[in-house]
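Each remark here refers to the structure printed beneath this line.
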Amino acid sequence: MVLITIVLTLVGLGVGFGASTTVSKKKLGSAEEQAKKELDKAKREASKLINEARDEAAKLAETARKEEKQHRGELKDLENRLVQREETLDKKIDNLDKRTESLRKSEGEVEDLKNEIRDIRKKQQEKLEKVAKLSQKEAAEKLMQMTERDIRGDLTGLIAKMQNEAREEAEDQAALIITTAMERMASEVTAERTVTSVKLEDEEMKGRIIGKEGRNIQALQRATGVDIMVDDTPGYIVLSSFDPVRREVAREALEMLMKDGRIHPGRIEEVVEKAQKNVEKDVVRAGEDAAREVGIIGIPKEILHLLGELKYRTSYGQNVLKHSTEMAHIAGIIAEEVGANVKTAKYSALVHDLGKALTHKMEGKHHHISGEMLRKYGAPEEVALAAEQHHDDVEATTVEALIVRVCDAISASRPGARNISAENFVERMKELENVANSFNGIEKSYAISAGREVRVFVRPQQIDDLSAIKLARDIATKIEASMQYPGTIKVNVIRETRAIEFAK
């Protein structure tokens, strides 16, 4: 049984191996057949692609040959045109050479003709000189003399006519320019006064301002140099002084005292000093505003300060600063019309009356002082020259100086612009103070009450009581001898001694 089993097992194994081998052979044969089919297909596609590539290459080669043939044709045409142009240029050059040669021959012939004509003219001139017995130069001079004699009268009449026409046109043009400038710069006419009113809150304040036995009002008048009238107008205090700077200081001081409520001599001096500083700041601001208004930059600060002081100065009742700014605008318009330097004209007009801020401190006419101060503080020379020459006693040497002179007349001659009587009054007040200040030992003096009184403060170290009495008499005598005035003038000499010490 075991043997049978082994035999059967071996037989089964042989049959299985045979069957497996048969299956493997069948599968291998199928794969080879499939691979052969794929290879044949790939060969057919490769052959097709090769054929298509050959066809495409043949087409590209044909296109390239056509383009090359076309380019060769174009190059041939271009070459032919260049050859033709070269031939044409050669012909033109040959023609030019021929014409040049012909011109050379013609120039030689012309030069020969010129020489022949010169010889003929020279011979004719020599014959004419022999006949006329005059040389060419003498004949020309005689001809000129005859011509001048014949047309002199006509020329004189023509020149006179042209001068008259030019003068008439210049006058018309000047009138038009000035009228236009005046119309464009028409401003309000204001009259300066010599009094300022300060409104009182109540009647009690009036008593406090007067103080015990009048010491407060006396201290205020002494510190400011302004005549203070408290009983003339109900509800108001009137400040009277010909000097507007003093009136402004007194007004500010009085308003600060009434607002503060503390009114006594010591406080009054402090407030007046503060008011003076405020007015000083206002002076600087006024000068800067005026320069900014007319469009002039770069003015030195010293000149701006003097310009600001003109806000408190008047000329025949006309505010000098307003007069100067008005002139600057008019000068700019006229300078633009006539072709002058606009900046120089405006600058000169703005500062032309600068000396009026210093006439009480310096000797001389105000326009001379203006020129001196402008040069001193570094203003341009042409500006100083025009400001110095704006009055007739100095000859105007520049167009800008003439413009400033014209503008000064325009601004001052407007109806109501100036008040002669007011200016005379101010001059009389200044003269009255100058008479008092001419004596030694005077600290300060104020003309008040419309010139009916002059208050003189003396230095107590130099003037004693007896000398003060004599000084009052001497001042009164000099006023009588040197001034003309209606009524009487009271001379009030004040000697005050102060002893000051500090507790530390």
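All values reported here derive from a predicted model rather than from experimental measurement.
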Are Arg292 and Asp289 close enough that some pair of their side-chain heavy atoms sits under 4.5 Å apart?
yes
Assess whether a salt bridge exists between Arg251 and Glu255, defined as any Lys/Arg side-chain N lying under 4.0 Å from an Asp/Glu carboxylate O.
yes
Could you go step by step and tell me if Leu304 and Val284 meet the side-chain contact (heavy atoms from CB on, under 4.5 Å) rule?
CA-CA 7 Å; Leu304 286 176; Val284 175; over 6 Å; no
Less than 3.5 Å apart, which donor and acceptor atoms pair up between the side chains of residues 84-91 and the rest of the protein, not counting sequence neighbours?
residue	atom	partner	partner atom	Å
Thr88	OG1	Gln84	O	3.0

Restricting to non-hydrogen atoms, name the atom on Asp353 and the atom on Leu310 that form the minimum distance, rounded to 0.1 Å.
O-CD2, 3.6 Å
Run Glu101 and Arg104 through salt bridge (charged side-chain N to carboxylate O under 4.0 Å, His left out) and show every step you take.
CA-CA 5 Å; Glu101 185 65 25; Arg104 287 197 188 98; 3.3 Å; yes
Do side-chain atoms of Arg313 reach the backbone of Leu321 as a donor and acceptor pair under 3.5 angstrom?
no
Using side-chain heavy atoms (C-beta onward) and a distance below 4.5 Å, is Tyr312 in contact with Asp282?
yes
Look only at the side chain of Ser370 and the backbone of Leu354, and say whether a donor-acceptor pair between them is shorter than 3.5 Å.
yes
The single option from Val383, Asn341, Leu374 passing side chain to side chain contact (heavy atoms under 4.5 Å, CB included) against Ser348
Val383
For Val294, is there any backbone N or O sitting under 3.5 Å from a side-chain donor or acceptor partner on Lys346?
yes
Count the heavy atoms belonging to other residues, nucleotides or ligands that lie under 6.0 Å from NZ of Lys301, then report whether that count exceeds 12.
no
Gln276 side-chain N/O to Val249 backbone N/O, donor-acceptor pair under 3.5 Å:
no
Should the pair Lys322-Glu326 be classified as a salt bridge under the 4.0 Å nitrogen-to-oxygen rule?
no
Could you tell me if the side chain of Asn80 sits less than 4.5 Å from the side chain of Lys76, heavy atoms only?
yes
Assess whether a salt bridge exists between Arg375 and Glu388, defined as any Lys/Arg side-chain N lying under 4.0 Å from an Asp/Glu carboxylate O.
yes
For Glu336, is the CD atom crowded, meaning more than 12 foreign heavy atoms sit under 6.0 Å from it?
no
Any side-chain heavy-atom pair of Thr344 and Pro380 under 4.5 Å:
no
How long is the gap from CD on Glu269 to CG on Leu220, to the nearest 0.5 Å?
10.5 Å
Look up atom NE2 in His390 and atom CG in Asp408, then write down how far apart they are to the nearest 0.5 Å.
5.0 Å
Tell me whether the count of non-hydrogen atoms from other residues, nucleotides or ligands lying under 6.0 Å of CD1 in Ile297 goes above 12.
no
In terms of heavy-atom contacts, Val271 and Ala253 come closest through CG1-O, 3.4 Å
Ile299 versus Ile296: any side-chain heavy-atom pair under 4.5 Å?
yes
Quick one: CG on Leu78 to NE2 on His71, what's the gap to the nearest 0.5 Å?
13.0 Å
Minimum heavy-atom distance Tyr377-Pro300, with the two atoms named:
O-CG, 3.2 Å
Under-4.0 Å salt bridge between Glu62 and Arg65
yes
Closest heavy-atom contact between Arg267 and Arg262?
CG-O, 3.1 Å
With heavy-atom distances below 4.5 Å as the criterion, would you say the side chains of Lys311 and Val283 are in contact?
no
Show me the donor-acceptor pairs within less than 3.5 Å that the side chains of residues 37-54 make with the rest of the protein, sequence neighbours left out.
residue	atom	partner	partner atom	Å
Asn51	ND2	Ser47	O	3.1

So which heavy atom on Val279 is nearest to which on Glu252, and how close?
CG2-OE2, 4.1 Å
Audit row: Ile334, Cys407, side-chain contact (heavy atoms from CB on, under 4.5 Å) steps and yes/no
CA-CA 9 Å; Ile334 294 178; Cys407 294; 4.0 Å; yes
With a 4.5 Å heavy-atom cut-off, do Val394 and His368 have their side chains touching?
yes
Would you confirm whether Arg405, through its side chain, and His391, through its main-chain N or O, come within 3.5 Å as a donor-acceptor pair?
yes
Give, for atom OG of Ser102 and atom CG of Asn95, the distance between the pair rounded to the nearest 0.5 Å.
12.0 Å
Applying side chain to side chain donor-acceptor pair (under 3.5 Å) as the test, list every pair that has at least one member in residues 110-119; sequence neighbours left out.
Asn115-Arg118
Using 4.0 Å as the upper bound for N to carboxylate O, is an ion pair formed by Lys277 and Glu280?
no
Among Gln70, Arg72, Lys66, the one residue meeting side-chain hydrogen bond (donor to acceptor under 3.5 Å, both in side chains) with Glu68
Arg72
Determine whether Leu307 and Leu350 make a side-chain contact, defined as any pair of heavy atoms from C-beta on separated by less than 4.5 Å.
yes
Do you know which two heavy atoms are closest between Ala345 and Val404, and how far apart they sit?
O-CG2, 4.1 Å
Hey, is Glu33 close enough to Lys36 for a salt bridge, meaning N to O under 4.0 Å?
no
Would you find a donor on one side and an acceptor on the other, under 3.5 Å apart, between the side chain of Gln389 and the backbone of Thr397?
yes
Inter-residue atom distance Asn278.CG - Glu273.CD, 0.5 Å rounding
11.0 Å
Is it true that His323 and His352 have ring centroids separated by less than 6.0 Å?
yes
Atom pair CG (Asp77) and CG (Leu82), whose distance is rounded to the nearest 0.5 Å:
11.0 Å
